Amino acid sequence: MLDVKRLRNDFEEVKRKLQKRGENLGDLEKFEDLDKKRRTLIQETEELKQRRNQVSQEVAQLKREKKDADHLIQETKEVSQKIKEIDTELKETEETLQQLLLSIPNIPHDSVPVGEDEEDNEEARKWGDIPVFPFEAKAHWELGTDLGMLEFEKASKVTGSRFVFYKGAGARLERALINFMMELHAEEHGYEEMIPPYMVNRTSMTGTGQLPKFEEDAFGIREEDYFLIPTAEVPVTNFHRDEIVDGTSLPIAYVAYSACFRSEAGSAGRDTRGLIRQHQFNKVELVRFVKPEDSYDELEKITGHAEKVLQLLKLPYRVMNMCTGDLGFTAAKKYDIEVWLPSYNDYKEISSCSNFEDFQARRANIRFKRDSKAKAEHVHTLNGSGLALGRTVAAIMENYQVEDGTIRIPDALRPYMGNKEFIGK
RNA sequence: GGAGAAGUACCCAAGUGGCUGAAGGGGCUCCCCUGCUAAGGGAGUAGGUCGUGUAAGCGGCGCGAGGGUUCAAAUCCCUCCUUCUCCGCCA
């Protein structure tokens with residue numbers, strides 16, 4: 001959510017920046033009228049309330065003196081009626097304004113390249129060498145089936161499309177990666193570990209920006225009005241919702257493991273094979289709550305933490321600075337880390353690291369005080385995948401495959417895999 | 001799931017219709033006392049948000065949330081949420 005005061009005082013500037021996103025901002029123009037109407041109604045009702053309060057005092061005084069107060073009571077009756085009418089209109093206006101504010105995306109940072117779609121994303125850096133196979137390389141879904149690591153058809157039977165069973169070495173690999181990543185971030189990068197609830201309420205989904213605009217992307221639990229989390233970002237960021245944290249405790253950093261659930265509405269036909277696009281996948285997520293002046297340094301830091309995982313696993317990747325048209329609703333700036341995937345003969349997103357500035361903090365009402373006497377300010381929030389596990393498994397399987405159909409285990413992962421050297425031998 | 005009880009400021013807690021933005025503790029800040037620590041004495045401090053104003057300020061809201069009754073609600077009524085206790089069920 002944007003700062004109402006900024007929107008009020010700097011409307012054209014904000015609008016100009018939002019237009020870089022190339023989104024339809026149809027309702028934005030209604031802001032000024034709604035804002036003005038709201039403030040007029042507030043002034044009207046408050047004036048009447050002040051009057052009512054004064055008269056109530058007088059009535060109380062008269063009653064105590066056992067005097068007659070009927071004429072004052074009559075007057076206040078009418079005033080109260082009027083207040084009720086104005087308050088009803090005010091409430092409707094505020095509701096409309098709130099919905100409008102919740103539907104406005106974040107303002108892109110000045111360092112974000114202007115562009116329409118993924119074609120215009122800029123490569124920030126590249127790491128590692130793309131493997132060359134002197135044999136016909138297999139895709140991970142082939143390897144997974146051949147080696148008994150992944151069962152797609154069983155999952156289709158048991159649940160439906162876009163689900164998978166990890167089995168044997170596949171399950172072990174996934175679990176090893178969870179431990180590897182959690183320990184790296186907790187012990188080397190200073191994050192506190194978390195395992196969050198996998199369902200959250202509507203307020204939490206609104207707090208991080210999944211709602212109200214993107215309800216069709218989430219799986220909902222109707223009876224409770226809960227949602228399956230699409231990422232641990234939602235519960236972990238909302239962990240501090242409606243709180244004022246001590247400024248000296250910033251930055252607060254959590255690393256959370258969770259399953260993630262996405263309906264993938266609108267992705268029919270995309271990435272239909274393998275682990276790349278599932279309705280349920282595991283992810284280790286990094287979340288940081290920081291002071292506003294630090295948030296862009298922090299974005300570099302969190303991106304580095306995610307990159308470190310790929311470096312230790314020796315998987316080639318590149319970092320993309322997402323353009324204005326590909327930023328997503330909530331981010332002010334975002335880096336996607338893309339891992340090399342031989343089956344795609346291309347890089348594929350494996351982590352997304354975003355600075356939301358105060359966009360989520362306003363929605364979720366997360367603030368801090370620099371000291372006990374200071375005024376509360378909104379924190380800046382950031383998160384980054386560190387990493388998406390399914391895609392990491394796919395990347396390891398494909399990049400580390402050997403001609404005999406087995407998979408070499410990356411050195412860094414061997415302690416977590418019973419010190420084995422290969423899968424399939 | 002059933003039955004009870006409770007939700008008041010940073011924490012504990014008093015308060016059943018008007019003089020309560022809210023007693024009293026604790027905490028916190030300052031001072032005194034004290035060789036140090038502990039303890040003691042005194043004074044002070046009460047949040048947040050919205051509107052308005054250059055500002056000091058003024059005003060509205062606020063006692064879990066939302067409605068209602070009333071001239072007037074922390075206080076009465078209704079709905080919901082959360083926590084606790086007991087029972088049931090259960091990994």
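What you see is a predicted model; the values in this text were computed from it and never measured. A note on names: the letters A, B, ... follow the listed sequences, proteins ahead of strands, and every chain is numbered from 1.
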* Structure fact -> When Asp35(A) and Val59(A) are each assigned the nearest nucleotide of RNA chain B, the 5'-most assignment goes to Val59(A)

* Nearest atoms (heavy-atom pairs only) where Glu285(A) meets Lys283(A) -> OE1-NZ, 2.7 Å

* Asked: How far does the C1' atom of G40(B) sit from the matching atom of U34(B), given to the nearest Å?
  -> 9 Å

* **Base paired to A39(B) (Watson-Crick or G-U; both N/O distances under 3.5 angstrom)** => none

* Side-chain N,O (Ser80(A)) to OP1/OP2 (A72(B)) below 4.0 Å -> yes

* To do: Please determine if Arg367(A) and Glu377(A) form a salt bridge, counting it only when a charged side-chain N lies under 4.0 Å from a carboxylate O.
  => no

* Asked: In Watson-Crick or G-U wobble terms, both distances under 3.5 Å, what is the partner of G88(B)?
  -> none

* Asked: CG of Asn106(A) to CD of Glu357(A): how many Å apart, nearest 0.5 Å?
  -> 6.0 Å

* **Lys49(A), nearest nucleotide to its side chain (from C61(B), G51(B), G48(B))** => C61(B)

* Rounded to whole angstrom, note down the P distance from C78(B) over to G42(B). => 47 Å

* **Euclidean distance for P, A46(B) against C58(B) (whole angstrom)** => 14 Å

* Length of the line joining Asp242(A):CG and U82(B):C1', which is rounded to integer Å -> 14 Å

* Is there a donor N/O on one and an acceptor N/O on the other, under 3.5 Å, for the side chain of Glu46(A) and the base of G59(B)? -> yes

* To the nearest Å, give me how far apart CG (Asp87(A)) and C1' (G51(B)) are. => 13 Å

* To do: Under 4.0 Å between any heavy atoms, over every strand shown, what does Asp70(A) touch: base, sugar-phosphate, or nothing? Just pick one.
  => nothing

* Asked: For atom P, what is the distance between G2(B) and G51(B), given to the nearest Å?
  -> 43 Å

* For nucleotides C71(B) and A13(B), find the distance between their P atoms and express it as a whole number of Å. => 36 Å

* To do: Might you confirm whether atom CG of Leu102(A) has over 12 heavy atoms from other residues, nucleotides or ligands at distances under 6.0 Å?
  => yes

* To do: Could you check which nucleotide pairs with G57(B) in any of the strands shown, counting Watson-Crick or G-U wobble with both distances under 3.5 Å?
  => U52(B)

* Base-pairing assignment for U20(B) (Watson-Crick or G-U wobble, both under 3.5 Å) -> none

* Between G51(B), G18(B), G60(B), spot the one nearest the side chain of Ile42(A), thanks. => G51(B)

* Would one find a side-chain N or O of Gln43(A) under 4.0 angstrom from OP1 or OP2 of U52(B)? -> yes

* Do any N or O atoms from the side chain of Asn238(A) and from the backbone of Ser204(A) form a donor-acceptor pair under 3.5 angstrom? -> yes

* Taking atom C1' in both A65(B) and G7(B), what distance in whole Å separates the two? -> 11 Å

* Determine the Euclidean distance between corresponding C1' atoms of A3(B) and U20(B); express it in Å to zero decimal places. => 35 Å

* To do: Sticking with atom C1', work out how far A9(B) lies from G47(B), rounded to a whole angstrom.
  => 6 Å

* Nearest-nucleotide pick for Thr76(A), side chain only, options being C71(B), G18(B), G51(B) -> C71(B)

* Answer yes when Lys301(A) and Asp297(A) have at least one side-chain N-carboxylate O distance shorter than 4.0 Å, and no when they do not. => no

* **For G7(B), the Watson-Crick or wobble counterpart (both distances under 3.5 Å)** => C81(B)

* To do: Would you mind pulling out the nucleotide paired to G62(B), Watson-Crick or G-U wobble, both distances under 3.5 Å?
  => none

